[in-house]
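Residue numbers begin at 1 in each chain, while the letters A, B, ... track the order of the sequences. Just so it is clear, the model here is predicted, and its values are computed rather than measured.
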Amino acid sequence: AQSVTQLDSQVPVFEEAPVELRCNYSSSVSVYLFWYVQYPNQGLQLLLKYLSGSTLVKGINGFEAEFNKSQTSFHLRKPSVHISDTAEYFCAVSDTGTASKLTFGTGTRLQVTL
Amino acid sequence: KAGVTQTPRYLIKTRGQQVTLSCSPISGHRSVSWYQQTPGQGLQFLFEYFSETQRNKGNFPGRFSGRQFSNSRSEMNVSTLELGDSALYLCASSLGGSTYNEQFFGPGTRLTVL
């Protein structure tokens, strides 16, 4: 079984500042890692994913994340945030054998202000 | 290409009743997964259907069931509703092959149990 920990429930940040949302996972098997974003009253949208290969993955809207196997982390970063980035962000993991079964973290609310 | 659609978008039921939610996947997608999202428990995997067969299952009681039709549309049913079943129910579709395929989420059905 896998588990995901998102330590920060809320992250306030000023517009154009950099941001990092933290995610740590636990698993005894090989995993895929994901970041999803959820805007109010909407479903989830995939930001980026790590399947294999390069540990630095780039996603949509200028986001990137780095897979660190030794620290079992997959932190999400953006060098300069915009007001429109205000949303809930979820880190998720699946084992490579059942990729459709996602285990989610509890989410981080990113609040961008002027 | 149309996205994942879920009907109805909002539903109010009373305790003890049963409810059926519907999910129409993206054309060509054969896998449909269901998730429950609540403030207390977060996002939790319910089950996945692929080619009309349940392929994966989460840890939910037998009151939660689902099925998939030959056109890949899926329904989930919750019998004997409890107050704790109030949640946003999300479905996600993917091509569903043996390798990783991106899941696309619908906007969800918000169920309120009174």
Side-chain angles (χ1 to χ4, degrees), chain A residues 1-10 21 23-27 29-53 57-60 67 74 87-109, chain B residues 3-7 9-10 21 23-26 29-51 53-60 66 68 74 87-110:
Chain A
Q2 299 87 37
S3 66
V4 177
T5 302
Q6 293 181 249
L7 288 171
D8 305 307
S9 58
Q10 294 187 65
L21 305 185
C23 172
N24 287 87
Y25 70 94
S26 173
S27 177
V29 297
S30 297
V31 297
Y32 296 145
L33 292 156
F34 310 86
W35 276 98
Y36 284 87
V37 62
Q38 186 176 36
Y39 299 100
N41 298 315
Q42 293 187 29
L44 300 171
Q45 181 183 12
L46 180 65
L47 277 177
L48 48 78
K49 61 185 181 289
Y50 172 78
L51 304 181
S52 65
V57 292
K58 295 187 183 296
I60 62 172
F67 169 57
F74 191 56
E88 190 87 19
Y89 292 79
F90 293 93
C91 182
V93 65
S94 72
D95 72 58
T96 57
T98 52
S100 58
K101 183 177 179 180
L102 297 170
T103 299
F104 286 90
T106 51
T108 297
R109 170 75 178 170
Chain B
V4 178
T5 58
Q6 294 187 244
T7 56
R9 290 293 310 277
Y10 301 90
L21 312 181
C23 173
S24 293
I26 291 171
H29 285 192
R30 296 167 62 193
S31 168
V32 173
S33 298
W34 289 89
Y35 293 83
Q36 181 196 65
Q37 184 175 23
T38 61
Q41 299 299 317
L43 280 153
Q44 293 184 286
F45 175 81
L46 281 154
F47 31 64
E48 180 211 4
Y49 285 85
F50 176 75
S51 293
T53 301
Q54 188 179 86
R55 187 160 69 170
N56 289 295
K57 189 177 186 306
N59 298 319
F60 277 81
Q68 187 179 34
S74 177
L88 181 66
Y89 290 88
L90 296 166
C91 80
S93 77
S94 73
L95 290 171
S98 56
T99 57
Y100 169 78
N101 289 284
E102 181 178 343
Q103 292 191 64
F104 295 84
F105 283 80
T109 293
R110 185 164 297 281

_Working for side chain to side chain contact (heavy atoms under 4.5 Å, CB included), residues B:Y35 and A:L44_ = CA-CA 11 Å; B:Y35 293 83; A:L44 300 171; over 6 Å; no

*asked:* Walk me through whether A:K101 and B:S33 qualify under side chain to side chain contact (heavy atoms under 4.5 Å, CB included).
replied: CA-CA 8 Å; A:K101 183 177 179 180; B:S33 298; over 6 Å; no

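Of the two parts of B:Q44, neither the backbone nor the side chain holds a non-hydrogen atom closer than 4.5 Å to a non-hydrogen atom of chain A. Residue A:L102 touches chain B through both its backbone and its side chain, counting heavy-atom pairs closer than 4.5 Å. Only the side chain of B:L90 comes within less than 4.5 Å of a heavy atom of chain A; its backbone N, CA, C and O stay farther away. Using a 4.5 Å cut-off between heavy atoms, B:L88 touches chain A through its side chain atoms alone. Proximity to chain A (any heavy atom under 4.5 Å) is restricted, for B:E48, to the side chain, taken from C-beta onward. Only the side chain of B:E102 has a heavy atom closer than 4.5 Å to any heavy atom of chain A. For A:Q45, no part sits under 4.5 Å from any heavy atom of chain B, backbone or side chain.
For the ring pair (Phe, Tyr, Trp, His ring centres under 6.0 Å) with B:F105, the qualifying choice from A:Y36, A:F90, A:F34 is A:Y36, the only one to do so.
With chain B as the partner, the residue from A:T106, A:L51, A:N41 showing the most heavy-atom pairs under 4.5 Å is A:L51.
Residues forming a side-chain hydrogen bond (donor to acceptor under 3.5 Å, both in side chains) with B:R30 (at least two apart in sequence, or on another chain): B:S51. When the salt bridge (Lys or Arg N to Asp or Glu O under 4.0 Å) test is applied to B:K57, no partner is found at least two apart in sequence or on another chain.
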